[in-house]
Amino acid sequence: MNSEHNKVVAALLAIFLGSFGIHKFYLGKIGQGVVYLLFCWTFIPGIIGFIEGIFLIAMPDSKFNAQYNQQQIR
């Protein structure tokens with residue numbers, strides 16, 4: 001399966017739905033997304049998600065692609 005993640009979509013998900021870890025699920029980090037869901041009632045994941053959204057927006061495209069859009073060889 002070859003899926004390409006969009007930096008803008010990931011950043012918007014982090015900013016607006018970061019409390020629930022939706023951006024982590026989108027980027028393929030399922031375990032981290034579950035942790036965000038478990039602690040969403042504390043509002044801490046929301047703050048962290050907002051900060052991660054800002055970092056994702058500021059991240060150069062080349063670094064984002066290297067980190068989240070790696071080609072998997074099977």
Side-chain angles (χ1 to χ4, degrees):
M1 182 171 143
N2 186 11
S3 64
E4 190 165 322
H5 304 290
N6 187 323
K7 181 175 86 165
V8 175
V9 171
L12 291 174
L13 288 173
I15 291 171
F16 294 111
L17 297 172
S19 297
F20 305 108
I22 303 301
H23 63 294
K24 295 293 185 180
F25 290 110
Y26 176 73
L27 294 172
K29 303 201 176 271
I30 307 301
Q32 290 179 5
V34 170
V35 171
Y36 275 60
L37 277 175
L38 290 175
F39 290 99
C40 68
W41 60 274
T42 66
F43 300 109
I44 293 171
I47 296 167
I48 295 171
F50 182 79
I51 294 169
E52 286 177 339
I54 301 301
F55 282 139
L56 285 169
I57 290 173
M59 182 183 292
D61 290 337
S62 59
K63 184 175 178 183
F64 180 84
N65 288 329
Q67 190 167 356
Y68 298 111
N69 289 327
Q70 298 174 350
Q71 297 289 335
Q72 294 184 357
I73 300 171
R74 292 188 182 227

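Values below: every heavy atom of this structure, side chains too, minus hydrogens, waters and symmetry copies. Because the structure is a prediction, the values reported are computed rather than measured.
Here the CZ atom belonging to Phe16 is positioned 14.5 Å from the CD1 atom belonging to Ile22, to the nearest 0.5 angstrom. The NE2 atom of His23 lies 9.0 Å from the CD1 atom of Ile48; values are rounded to the nearest 0.5 Å. One finds the OG atom of Ser19 at 8.5 Å from the CD1 atom of Ile47 (value rounded to the nearest 0.5 Å). Going from atom NZ of Lys7 over to atom CG of Asn65 covers 9.0 Å, rounded to the nearest 0.5 Å.
Under a hydrophobic-cluster definition in which Ile, Leu, Val, Met, Phe, Trp and Tyr are linked whenever side-chain heavy atoms come within less than 4.5 Å, directly or via other members, Leu13 and Leu56 are assigned to the same cluster. Residue Ile44 is not grouped with residue Phe50 when hydrophobic side chains (ILVMFWY) are merged at heavy-atom distances under 4.5 angstrom, including chains of intermediate members. Two different hydrophobic clusters hold Phe39 and Phe43 under the rule that ILVMFWY side chains link at heavy-atom gaps under 4.5 Å. There is no path of hydrophobic side-chain contacts, each under 4.5 Å, that joins Ile51 to Met59. Grouping the Ile, Leu, Val, Met, Phe, Trp and Tyr side chains by contacts below 4.5 angstrom, directly or via other members, places Val35 with Phe20.
Shown here for Thr42 and Pro45, the closest heavy-atom pair between the two residues is OG1-CD, 3.5 Å. Pairing each heavy atom of Asn69 with each of His5, the nearest pair is OD1-N, 2.7 Å. A pairwise comparison of heavy atoms in Ala11 and Ile57 identifies CB-CG1, 3.4 Å as the closest pair.
In the displayed structure, Phe25 atom CZ is contacted under 6.0 Å by more than 12 heavy atoms of other residues, nucleotides or ligands. More than 12 heavy atoms of other residues, nucleotides or ligands shown are found within 6.0 angstrom of CZ on Phe64.
For the side-chain contact (heavy atoms from CB on, under 4.5 Å) with Tyr26, the qualifying choice from Asn6, Leu17, Leu12 is Asn6, the only one to do so.
The backbone N or O of Gly28 sits nowhere less than 3.5 Å from a side-chain atom of Tyr68 that would complete a donor-acceptor pair.
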